[in-house]
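None of the values given here were measured: they were computed from a predicted structure. Position 1 is the first residue of the sequence; numbering continues from there.
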Amino acid sequence: MSTQVILPRLMQVGAEAAAQLPEVLASLGCNRPLIITDPMMVKLGYVDQIRQLLEQQQFPVEVFADTVPEPTVSSIQAGVERVRQGEFDCLVALGGGSPIDSAKAIGILGCHGGEMRDYRFPRQVNEAGLPLIAIPTTAGTGSEATRFTIITDDDTDEKMLCVGLGFMPVAALVDFTLTLSLPARTTADTGIDALTHAIEAYVSRKASPYSDQQALAAMRLIGPNLRRVYRDGSDREAREAMMLGSTLAGIAFSNASVALVHGMSRPIGAAFHVPHGLSNAMLLPTVTEFSIPAAETRYADCARAIGVAEVEDGTAAANDKLLAELKSLNKDLEVPTPAAFGIERDAFFDIMATMAEQALQSGSPGNNPRVPTAEEIVSLYRALW
């Protein structure tokens with residue numbers, strides 16, 4: 001059976017890749033970009049750098065800098081109106097996963113109208129929005145190379161997964177130097193997010209020989225370097241490895257889909273405002289332990305790729321080492337439990353059944369090697385306490 005592979009049309013990878021933006025725009029025939037970003041990118045001076053690059057090449061530049069972490073329908077609405085009222089021929093998304101996800105949604109809604117809920121999964125959004133050039137500044141979401149976006153419904157707090165060719169950036173400028181200023185907490189959360197993408201893509205029921213290679217390569221890059229960048233954010237070698245690993249993990253899960261960790265993570269984030277990578281980290285050891293019996297060989301491969309198991313280790317031994325590593329990683333990166341994060345136990349337990357239903361509705365648990373029932377998902381949520 002053949003596998004369809006979906007990628008950005010153009011990728012520029014390495015130090016100073018972002019400086020190639022004017023040439024990339026010209027090659028795509030784009031002349032009037034709208035930069036989609038957030039206040040932190042403005043504060044750090046990255047927006048001014050991009051603006052100067054473009055203005056030196058006579059590109060008119062406008063900026064929408066009001067995206068928020070964990071974007072919602074209401075948070076992107078002003079950007080949608082800006083697109084509808086302007087004469088832009090492309091969007092440049094600068095920032096972490098939230099500005100890039102926001103830009104994906106803005107590009108579709110600005111061109112085609114409707115409400116965000118009209119585009120949520122299982123609909124396949126294959127119509128083209130405004131061309132999007134993504135410049136990631138975190139090594140985590142891989143959104144620069146995926147056909148997904150996640151936008152929260154303000155009314156229901158549901159994190160709506162939206163899928164399709166229309167959300168794939170036409171270009172990605174993957175410049176690890178933009179991650180050198182990331183604080184340790186963001187570095188850890190986004191790094192575990194990338195690791196989760198790689199593992200889930202590899203064990204997914206939709207995995208293919210192509211996605212397998214991207215996922216394994218991502219794990220080989222992320223495994224030895226995540227603690228390094230957490231301890232020393234100026235470690236350029238480790239930062240470069242993490243950035244490339246994040247993009248490869250994005251390519252892997254964009255083509256193989258994520259699984260149970262992400263399905264369970266989104267409702268936690270929506271209900272309790274836990275950053276996405278952090279809720280993934282809370283869940284990863286527990287969900288992995290639940291899933292290993294249905295894909296023992298695959299998870300053992302993950303342990304070897306991450307670098308915690310040797311080739312000569314048997315499957316059971318490798319999987320024991322994988323679980324020990326995931327727990328150790330959470331400890332070393334100071335990942336809080338839900339209680340330590342500040343979530344009230346009664347509030348969490350009261351909503352577990354609803355979160356389980358939302359997880360199943362996302363479709364992601366169906367890709368898991370061991371497909372859970374709603375009752376099993378509730379048990380996994382309970383196990384976090």
Side-chain angles (χ1 to χ4, degrees), residues 12-22 24-25 30 32-57 59-72 75-80 82-83 86 88 90-107 110 130-146 149-151 169 171-191 193-194 229 233-234 239-240 242-243 246-247 250 275-277:
Q12 191 85 26
V13 181
E16 312 306 328
Q20 300 300 310
L21 178 58
V24 169
L25 290 176
C30 296
R32 291 187 56 81
L34 173 64
I35 298 173
I36 307 286
T37 188
D38 62 29
M40 182 56 68
M41 293 296 101
V42 176
K43 182 178 179 180
L44 292 173
Y46 290 156
V47 173
D48 279 344
Q49 290 179 28
I50 296 298
R51 185 197 299 272
Q52 290 168 14
L53 272 173
L54 294 175
E55 289 179 345
Q56 287 169 4
Q57 299 297 322
F59 286 91
V61 180
E62 293 189 38
V63 177
F64 175 75
D66 294 331
T67 67
V68 300
E70 315 295 329
T72 65
S75 76
I76 64 171
Q77 194 55 45
V80 172
R82 190 83 167 269
V83 166
F88 307 106
C90 66
L91 304 177
V92 175
L94 174 69
S98 295
I100 297 175
D101 276 5
S102 296
K104 290 178 176 182
I106 289 167
L130 276 181
L132 172 62
I133 298 89
I135 307 176
T137 61
T138 64
T141 69
S143 190
E144 70 276 5
T146 76
T149 190
I150 298 174
I151 305 294
L173 310 186
V174 185
D175 184 347
F176 76 89
T177 66
L178 298 178
T179 69
L180 293 172
S181 62
L182 279 180
R185 181 72 265 147
T186 306
T187 296
D189 296 347
T190 55
D193 191 21
V229 292
S234 65
R239 286 288 193 191
E240 184 169 21
M242 287 298 299
M243 194 63 154
S246 171
T247 298
H276 175 66

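Here OG of Ser234 is found 8.0 Å from CG of Leu180. Values are rounded to the nearest 0.5 Å. In this structure, the separation between CG on Leu94 and CG on Leu173 is 10.0 Å, given to the nearest 0.5 Å. Annotation: the span from Lys43 atom NZ to Ser181 atom OG amounts to 11.5 Å, rounded to 0.5 Å. Note that CG of Leu91 is 11.0 Å distant from CZ of Arg82, once rounded to the nearest 0.5 Å. We find the CD-CZ distance between Glu62 and Arg51 to be 9.5 Å, quoted to the nearest 0.5 Å. Atom CG in Asp48 sits 9.0 Å away from atom CD in Glu55 (nearest 0.5 Å).
When all heavy atoms are compared, the tightest approach of Thr37 to Thr67 is O-OG1, 2.7 Å. Summarising the geometry of Glu16 relative to Thr177, their closest heavy-atom pair is OE2-CG2, 4.0 Å, with the distance given to 0.1 Å. Looking at every heavy atom in both residues, Ile76 comes nearest to Pro71 through CG2-CB, 4.4 Å. The two residues Leu132 and Ala103 have their closest heavy-atom pair at CD1-CB, 3.8 Å. In this structure, Thr187 and Arg239 approach most closely via the heavy-atom pair OG1-NH1, 3.1 Å. Between Pro99 and Asp38, the shortest heavy-atom contact is CG-OD2, 3.5 Å.
Under a 3.5 Å cut-off, the side chain of Lys104 and the backbone N or O of Thr146 do form a donor-acceptor pair. The closest donor-acceptor contact from the side chain of Asp189 to the backbone of Gly277 lies at 3.5 Å or more, if one exists at all. With Glu144 contributing its side chain and Pro169 its backbone, the two residues share no donor-acceptor pair below 3.5 Å.
Residues Val83 and Leu130 meet the side-chain proximity criterion, which asks for heavy atoms closer than 4.5 Å. Side chains of Cys90 and Ile133 form a contact here, defined as non-hydrogen atoms less than 4.5 Å apart. Proximity of Ile135 to Tyr46: side-chain heavy atoms (C-beta onward) are nowhere separated by under 4.5 Å. Counting heavy atoms from C-beta on, the side chains of Ser98 and His276 never come closer than 4.5 Å. In this structure the side chain of Thr190 never reaches within 4.5 angstrom of the side chain of Ser246, judged on heavy atoms. Between Met242 and Thr179, every side-chain heavy-atom pair lies at or beyond the 4.5 Å cut-off.
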Evaluate the side chain to side chain contact (heavy atoms under 4.5 Å, CB included) criterion for residues Leu54 and Leu25: first the C-alpha distance (whole Å), next the side-chain angles of each, then the deciding distance (0.1 Å), finally the verdict. CA-CA 9 Å; Leu54 294 175; Leu25 290 176; 3.5 Å; yes
Step by step, would you call Phe64 with Ile106 a side chain to side chain contact (heavy atoms under 4.5 Å, CB included)? CA-CA 11 Å; Phe64 175 75; Ile106 289 167; 4.3 Å; yes
